[in-house]
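Heavy-atom basis, side chains included; hydrogens, waters and symmetry copies ignored. Everything numeric in this text was worked out from a predicted model, so none of it was measured.
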Amino acid sequence: MTAPDFDKATNVTLIEELKKRGYFVSKVPPTASGKTFTPDIRQMSGRKYRFGVVSCTHLGSKYQQLTHLYTFYQYCKRKQVNTVLHCGDLVDGEKIYRGHEYELHTHGASAQKKYTVDNYPKVAGIKTLVIMGNHDESFYKTSGYNVVEAICAERDDMEYVGDYLAYINIDNIRVAIMHADGGVAYARSYRVQRIIEQLSPEAKPHLIFVGHWHVNAMIPAYRNVEGVSIGAFQSQTPYLVRKGLMPNVSGLVVEVEVNDKGLVGVKYDWRHFYIMKKNDY
């Protein structure tokens with residue numbers, strides 16, 4: 001007997017029923033789809049490496065925080081960072097939820113692509129590696145258009161590294177960047193914990209940075225993986241107001257130290273922004 005071929009509507013119904021019965025259900029992208037890259041991440045001293053991490057910049061949104069994003073990139077420059085990892089939702093997309101169109105200052109795939117090409121921070125010596133998030137994917141779902149890939153094709157300082165999941169080699173350690181699914185859990189670290197638990201042994205990285213929830217959380221050395229939820233560069237939208245959620249507008253500079261056996265130590269340098277800019281576009 002073969003397994004039944006459930007359609008998307010059936011899967012949604014089954015997931016909702018499991019949630020009603022008290023089960024935790026989370027969709028995780030197949031780890032086999034994650035591509036691996038070996039970028040030129042700056043070596044500081046000995047076998048120490050430093051890089052930046054951002055997520056959820058949502059360009060095209062009236063609530064984007066572009067000024068703070070520029071400030072973070074300038075900080076990366078001062079810290080001698082030459083690579084920034086972007087965990088998805090580069091643009092705000094369209095038709096994500098009812099009323100989403102009223103939260104946009106730029107409408108349509110071509111317009112959001114052009115706006116991002118023209119306005120995403122461009123700092124000499126810094127390259128951004130970016131994956132697709134669910135807001136980016138909205139254009140792909142409606143028209144088959146990969147807006148992240150299109151943006152990166154027009155920017156020599158940006159590289160598209162995959163959909164939802166990618167692996168970055170740094171010396172002899174492995175770093176994963178991921179764009180997750182679902183809402184913020186009561187305990188912020190819980191969803192990162194569950195993701196780490198579901199990683200297959202061969203796909204397990206030394207560090208994983210997860211975007212989507214717009215909040216910061218850390219789980220040091222959980223099952224030998226450093227797990228980090230990354231904030232956003234978008235202020236509280238009307239949608240988040242209705243959900244009772246306040247985002248963390250922030251970026252992260254990470255310094256890792258490695259030896260022949262793997263990861264020796266890691267330092268996190270969070271850069272938080274507490275005063276939001278209105279009409280920052």
Measure across [X] and [Y] and return the closest heavy-atom pair with its distance rounded to 0.1 Å.
X	Y	value
Val161	Ala166	O-CB, 3.5 Å
Gly262	Asn172	N-ND2, 3.7 Å
Val228	Val192	N-CG1, 4.1 Å
Asn216	Arg188	O-NH1, 3.3 Å
Ile96	Ser138	CD1-CB, 3.5 Å

Is the closest side-chain donor-acceptor distance between [X] and [Y] under 3.5 Å?
X	Y	result
His86	Thr57	yes
Asn134	His212	yes
Asp89	His179	yes

Okay, side chain of [X], backbone of [Y]: is any donor-acceptor separation there less than 3.5 Å?
X	Y	result
Asp171	Ile173	no
Trp213	Gly182	yes
Asn82	Ile41	no
Gln193	Ile196	no
Glu103	Gly99	no
His135	Asp92	yes

When you look at [atom1] of [X], are more than 12 heavy atoms from neighbouring residues, nucleotides or ligands closer to it than 6.0 Å?
X	atom1	answer
Tyr145	OH	yes
Arg98	CZ	no
Asn259	CG	yes
Lys277	NZ	no

Close aromatic pair by centroid cut-off 6.0 Å: Tyr239 and Tyr97: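 Tyr239 vs Tyr97: aromatic centres under 6.0 Å.
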
Ring centroids only, cut at 6.0 angstrom: are His272 and His68 within range, meaning strictly under it?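 Centroid distance His272-His68: not below 6.0 Å, so no.
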
Between [atom1] of [X] and [atom2] of [Y], what distance do you get to the nearest 0.5 Å?
X	Y	atom1	atom2	result
Cys87	Leu252	SG	CG	9.5 Å
Tyr281	Tyr115	OH	OH	9.0 Å
Tyr160	Leu90	OH	CG	11.5 Å
Tyr120	Ile151	OH	CD1	10.0 Å
Tyr140	Glu149	OH	CD	9.5 Å

Kindly state each residue pair satisfying salt bridge (charged side-chain N to carboxylate O under 4.0 Å, His left out) with at least one member in residues 256-266, sequence neighbours excluded.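 Sorted pair list: Arg47-Asp260.
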
Are any of the side-chain heavy atoms of [X] and [Y] separated by less than 4.5 Å?
X	Y	value
Tyr75	Val253	yes
Val254	Val53	yes
Phe72	Val54	yes
Pro238	Tyr63	yes
His206	Glu226	no
Leu129	Thr83	yes
Ile126	Tyr73	yes
Gln234	Cys56	no

Answer yes or no: is there an ion pair linking [X] with [Y], defined by an N-O contact shorter than 4.0 Å?
X	Y	answer
Glu159	Lys127	yes
Arg271	Asp269	yes
Lys35	Asp163	no
Arg50	Glu255	yes

Indicate, with yes or no, if Val249 and Val91 share a hydrophobic cluster defined by side-chain heavy-atom contacts under 4.5 Å among Ile, Leu, Val, Met, Phe, Trp and Tyr.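 Yes, Val91 and Val249 fall within the same hydrophobic cluster.
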
Run the salt bridge (Lys or Arg N to Asp or Glu O under 4.0 Å) test against Glu154 and tell me which residues pass, sequence neighbours left out.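 By the salt bridge (Lys or Arg N to Asp or Glu O under 4.0 Å) rule, Glu154 matches Lys113.
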
Could you walk me through whether His105 and Gln64 pass side-chain hydrogen bond (donor to acceptor under 3.5 Å, both in side chains), step by step? CA-CA 10 Å; His105 68 76; Gln64 67 183 41; 3.0 Å; yes

